[in-house]
Amino acid sequence: MIDAISRLVAGCRPDGTSVVEANGTVAPVTVGALPGVEFYQVWGQNDTPSTGDGGTEAAFVPYFPGADGTRFVILRWPPETGQSPEGDPDALSAEVEQVFPGLLQALAPDEEGHHATDTVDMSIVLEGELWLQLEDGSESRLTPGSCVVLRGNRHSWSNRSAEPAVMASVFVGAKDGFSKAG
């Protein structure tokens with residue numbers, strides 16, 4: 001079982017020699033609207049990635065990257081127990097927008113949890129079991145080692161097991177390739 005998430009960021013000195021620029025644990029980020037879900041924001045860049053010295057601060061504003069950006073996250077989902085968010089819905093939404101700017105815009109208003117972004121998402125289940133639901137109604141059970149590539153697809157995740165699930169994902173900003181016409 002993964003107890004803690006740690007991150008090492010390497011860079012280069014002016015002479016090109018590799019060096020560790022940052023090394024330590026990543027604290028989970030939580031919001032009241034998603035009880036028990038832990039977001040570990042490992043790395044993010046808003047611009048086209050470059051090699052060498054890029055600093056040690058991860059970019060997560062907005063939460064999902066634009067066309068030239070990337071994000072690396074690890075999420076821990078609790079078992080689904082029917083636990084609902086507690087509190088004022090407007091306050092819960094405001095907290096999500098403050099902590100994860102732009103996340104709510106990806107959600108489909110009439111489908112709980114379904115969302116789509118202009119990203120290519122590459123994910124691997126590390127622990128537990130997750131279910132992926134797609135817009136056509138299909139569902140896939142994913143276990144440790146299962147890899148998923150989503151290319152802007154509307155989808156949702158659920159943990160129907162009795163144990164927490166952990167998944168690592170890389171989001172690569174992309175152009176919207178779907179036709180919006182009729």
task: Supply the atom-to-atom distance Phe64 CZ to Thr70 OG1, rounded to the nearest 0.5 angstrom.
output: 14.0 Å
query: Is there a path of hydrophobic side-chain contacts, each under 4.5 Å between heavy atoms of I, L, V, M, F, W or Y residues, that connects Val149 with Val170?
result: yes
field: Minimum-distance pair of heavy atoms, taken over all atoms of Gly32 and Glu95
entry: N-OE1, 2.9 Å
message: Would the distance check show the side chain of Thr119 and the main-chain N or O of Asp121 forming a donor-acceptor pair, the cut-off being under 3.5 Å?
response: no
message: Is any side-chain heavy atom of Asn23 closer than 4.5 Å to one of Arg7?
response: no
- request: Considering non-hydrogen atoms only, spot the tightest contact between Ala116 and Gly152 and give its length.
  value: CB-O, 3.7 Å
statement: CD of Gln45 to CG of Asp68, rounded to nearest 0.5 Å, is 11.0 Å
- request: Go through the steps for Leu75 and Tyr40 under the test side-chain contact (heavy atoms from CB on, under 4.5 Å), then give the verdict.
  value: CA-CA 6 Å; Leu75 290 105; Tyr40 295 85; over 6 Å; no
query: Taking all non-hydrogen atoms of both residues, which atom of Gly102 and which atom of Gln105 are closest, and how far apart?
result: CA-OE1, 2.8 Å
Test side-chain contact (heavy atoms from CB on, under 4.5 Å) applied to Tyr63 and Val99, step by step: CA-CA 9 Å; Tyr63 181 73; Val99 176; over 6 Å; no
message: Check this for me: does any side-chain nitrogen of one of Glu21 and Arg13 sit under 4.0 Å from a carboxylate oxygen of the other?
response: no
query: Does the Asn153 side chain pair with the main chain of Arg151, one donor and one acceptor, at a distance under 3.5 Å?
result: yes
task: Would you verify whether the NZ or CZ of Arg71 falls within 45 degrees of the ring axis of Phe60 while also being under 6.0 Å from that six-membered ring's centre?
output: yes
Closest non-hydrogen atom pair between Asn159 and Pro78, with its separation: ND2-O, 3.3 Å
task: Quick one: pull up OG in Ser156 and CG in Leu132 and give me the separation to the nearest 0.5 Å.
output: 7.5 Å
- prompt: Is it the case that Gln133 and Ser158 place a side-chain donor and acceptor less than 3.5 Å from each other?
  reply: yes
task: Would you please say whether a donor-acceptor pair under 3.5 Å links the side chains of Trp131 and Glu129?
output: yes
field: Test log, rule side-chain contact (heavy atoms from CB on, under 4.5 Å), inputs Phe171 and Met122
entry: CA-CA 7 Å; Phe171 308 140; Met122 297 167 279; over 6 Å; no
message: Minimum heavy-atom separation for Ala33 and Pro85, please, with both atom names.
response: O-CG, 3.2 Å
- prompt: Are the side chains of Gln41 and Phe100 in touch, meaning some heavy atoms are under 4.5 Å apart?
  reply: yes
query: Ignoring hydrogens and geometry, is there a side-chain-to-backbone donor-acceptor pair from Asn46 to Val61 under 3.5 Å?
result: yes
- prompt: To the nearest 0.5 Å, what is the distance between CD1 (Ile5) and CG (Leu126)?
  reply: 7.5 Å
message: If I take atom CD1 from residue Ile124 and atom CG from residue Leu142, how far apart are they, to the nearest 0.5 angstrom?
response: 10.5 Å
- line: CG of Leu130 to OG of Ser140, rounded to nearest 0.5 Å, is 11.5 Å
His114 and His155: side chain donor to acceptor below 3.5 Å: no
query: Is the side chain of Arg76 donor-acceptor paired with the backbone N or O of Ile2 at a distance under 3.5 Å, no angle test?
result: yes
query: Any donor and acceptor pair, going by atom type alone, linking the side chain of Ser93 with main-chain N or O of Pro89 inside 3.5 Å?
result: yes
field: Exercise: identify the closest heavy-atom pair between Gly87 and Leu92
entry: O-CD1, 3.9 Å
message: Between Val73 and Val42, is the side-chain contact (heavy atoms from CB on, under 4.5 Å) condition met? List the steps.
response: CA-CA 5 Å; Val73 299; Val42 179; 6.0 Å; no
field: Glu139 atom CD, over 12 foreign heavy atoms within 6.0 Å
entry: yes
Minimum side-chain heavy-atom gap Met167-Trp77 below 4.5 Å: yes
